[in-house]
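Below: the structure, in structure tokens.
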Amino acid sequence: MERQDINQYNDIWVFAEQRQGTLTPVVIELLGEGRKLADVKGKKLNAILVGNNIEHLIPELISYGAETVYVAEGDLLENFTTDAYTKVIVDAVNEIKPEIMLLGATHIGRDLAPRIASRLNTGLTADCTKLEIDEEDGKIKQTRPAFGGNIMATIICPDSRPQMSTVRPGVMDKAKKDTTREGEVVRLDYDLKESDIRTKVLEVVKSAHEKVSLTDANIIVSGGLGLKTADGFKLIEELADKLGGVVGSSRAAVDSGWIDRAHQVGQTGVTVKPNLYIACGISGAIQHLAGMKESDIIVAINSDPDAPIFNVADYGIVGDLYKVIPEIISSIDSIE
Ligand SMILES: Cc1cc2nc3c(=O)[nH]c(=O)nc-3n(C[C@H](O)[C@H](O)[C@H](O)COP(=O)(O)OP(=O)(O)OC[C@H]3O[C@@H](n4cnc5c(N)ncnc54)[C@H](O)[C@@H]3O)c2cc1C
């Protein structure tokens, strides 16, 4: 195969994933991280937006720091399909030649990125938790947990472009919004026929699963095995409701069948960074901490004073959660 001239490739692209006209939250994180990479490299940060009726997202992307927004819009792009999105994006990449391309490690990103990478014959690192530019050669160093999280692997893509990564939602800092920013809009001409798309979307159904938005929550109240029964989550939910937060859990609680996996925080669950994380009856295993230790304030409620969760907690309460939580709830009631 002919060698690519990698010097022709410039700029950093973020895939602006949207669903029904709403940007997926990870896009704001990708723009935050993309900005840092673009600044180190002295390159531009751009976004590629694909869909239908998505005009309103262009100023939003610019306000979060996209300098150029490449837009492919049309009926055939209304719903995500691997075939259509791959074709449109691959054509754009071949024409414009970005050096780095970031996608969220969402269901859509994880489906799309490998297809694009294999069409382009380039490298892709999935589910990255850290990205940095190598000062010596300007390549991106992509770090991700491997072998069930037992090692962290740093991966580079030396000879092909773009260097592609999917990035785990909730890990990177969000871009700051500034509505005074200005940017350029480039409409992509694309060549797509209905017969290019082998899947038909009959209906888009929002499942209960998606409604748990742990990554967006400012407050999370999580329960673990210390609850002893599935019913314990009613108490966790009551406290979360009082605080306007959402319910999280440890993996052990999920494995016990007490709560849906969508609530799981940790290395193999969701990574969260809320303002307040309350861990109730969670021991603080390393795999749990990996998903929540960056929270602004951590409160731990645990009957064991030696539980490792207290090592990361800003405030710790040693006691039986079935006594402590009702007291917290009643003191919130008395303030109200
Ligand atoms: C590859 C791999 C990936 C993993 N990924 C994840 C992950 O993503 N997320 C995750 O959470 N785990 C993950 N785990 C599992 C992890 O190692 C722990 O087993 C799990 O986090 C423990 O959950 P827990 O804290 O709820 O339970 P336990 O460790 O059993 O802790 C229960 C805690 O409750 C306390 N307690 C008991 N009774 C009370 C009471 N009445 N009041 C107050 N406190 C009480 C106990 O003192 C104890 O500290 C992973 C493991 C592996 C090997």
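Residue numbers run from 1 in the order of the sequence given. Every number for a ligand or one of its atoms is a count from 1 in the order of the listing.
For ligand 1 and Lys228, the ligand atoms under 4.0 Å from any heavy atom of the residue are 37 (C), 38 (N), 39 (C), 41 (N). Taking a cut-off of under 4.0 Å to the non-hydrogen atoms of Gln267, the atoms of ligand 1 that pass are 3 (C), 7 (C), 8 (O). With ligand atoms numbered from 1 in the order given, ligand 1 contributes 32 (C), 34 (O), 36 (N), 37 (C), 38 (N), 39 (C), 40 (C), 41 (N), 45 (C) to contacts under 4.0 Å with heavy atoms of Gly226. Near Gly269, meaning under 4.0 Å from any of its heavy atoms, are these atoms of ligand 1: 8 (O). Below 4.0 Å from some heavy atom of His288 lie the following atoms of ligand 1, by number and element: 10 (C), 11 (O), 21 (O). Annotation for ligand 1: atoms under 4.0 Å from non-hydrogen atoms of Asp304 are 47 (O). Taking a cut-off of under 4.0 Å to the non-hydrogen atoms of Gly319, the atoms of ligand 1 that pass are 42 (N), 43 (C). Those atoms of ligand 1 that come under 4.0 Å of a heavy atom in Asp320, given as number and element, are 40 (C), 41 (N), 42 (N).
The shortest N or O to N or O distance between Tyr322 and ligand 1 is not under 3.5 Å. Looking at Ala285 next to ligand 1, no N or O pair under 3.5 Å apart turns up. Residue-to-ligand polar distances place Gly281 within reach of ligand 1: an N/O pair is separated by less than 3.5 Å. Between Ala307 and ligand 1, no N or O atom pair is found at a separation short of 3.5 Å. Taking distance alone, with nitrogen or oxygen atoms compared against 3.5 Å, Leu321 approaches ligand 1 more closely than that limit. Note: no N/O pair closer than 3.5 Å links Ser249 and ligand 1 by distance alone.
The ring-ring contact (aromatic ring centres under 6.0 Å, His included) search around Tyr85 returns Phe80, not counting sequence neighbours.
Counting non-hydrogen atoms of other residues, nucleotides and ligands closer than 6.0 Å to CD1 of Ile286 gives a total of 12 or fewer. Shown here is Asp189, whose CG atom has no more than 12 heavy atoms of other residues, nucleotides or ligands within 6.0 Å. Around CD of Glu182, the count of heavy atoms belonging to other residues, nucleotides or ligands within 6.0 Å does not exceed 12.
For Lys44 and Asp39, the salt-bridge test fails: no basic side-chain N is under 4.0 Å from an acidic carboxylate O. Checked for salt-bridge contact, Arg168 and Asp127 meet the test: a charged N lies under 4.0 Å from a carboxylate O.
Contact analysis puts Val265 in contact with ligand 1, with a non-hydrogen atom separation below 4.0 angstrom. Ligand 1 lies out of reach of Ala253, whose nearest heavy atom is not under 4.0 Å from it. In this structure, Gly223 has no heavy atom closer than 4.0 Å to ligand 1.
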Q: Report the C-alpha distance between Thr82 and Thr199 in whole Å, list the side-chain angles of each, state the deciding distance to 0.1 Å, and finish with yes or no for side-chain contact (heavy atoms from CB on, under 4.5 Å).
A: CA-CA 8 Å; Thr82 320; Thr199 39; 5.7 Å; no

Q.
What verdict does the salt bridge (Lys or Arg N to Asp or Glu O under 4.0 Å) test give for Arg110 and Glu17, after you've listed the backbone C-alpha separation in whole Å, the side-chain angles of each residue and the deciding distance to 0.1 Å?
A. CA-CA 12 Å; Arg110 286 173 193 235; Glu17 181 181 330; over 6 Å; no

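Contact between Ala126 and Thr166 at its shortest, heavy atoms only, is CA-OG1, 3.1 Å. Across Glu78 and Asn52, no two heavy atoms sit closer than the pair OE1-ND2, 2.9 Å.
Proximity annotation for atom 25 (O) of ligand 1: of Gly284, Gly232, Ser283, Gly224, Ser283 comes nearest, heavy atoms only. Between atom 47 (O) of ligand 1 and the options Asn302, Val270, Asp306, Ile309, the minimum heavy-atom separation is to Asn302. Compare Ala252, Ser256, Ala290, Ala300 by their heavy atoms: the one nearest to atom 22 (C) of ligand 1 is in Ala252.
Evaluation of the side-chain hydrogen bond (donor to acceptor under 3.5 Å, both in side chains) test over residues 220-230, restricted to residues two or more places apart or in two chains, returns Ser222-Tyr277.
Looking at Lys273, its side chain never comes within 3.5 Å of a backbone N or O of Asp296 through a donor-acceptor pair.
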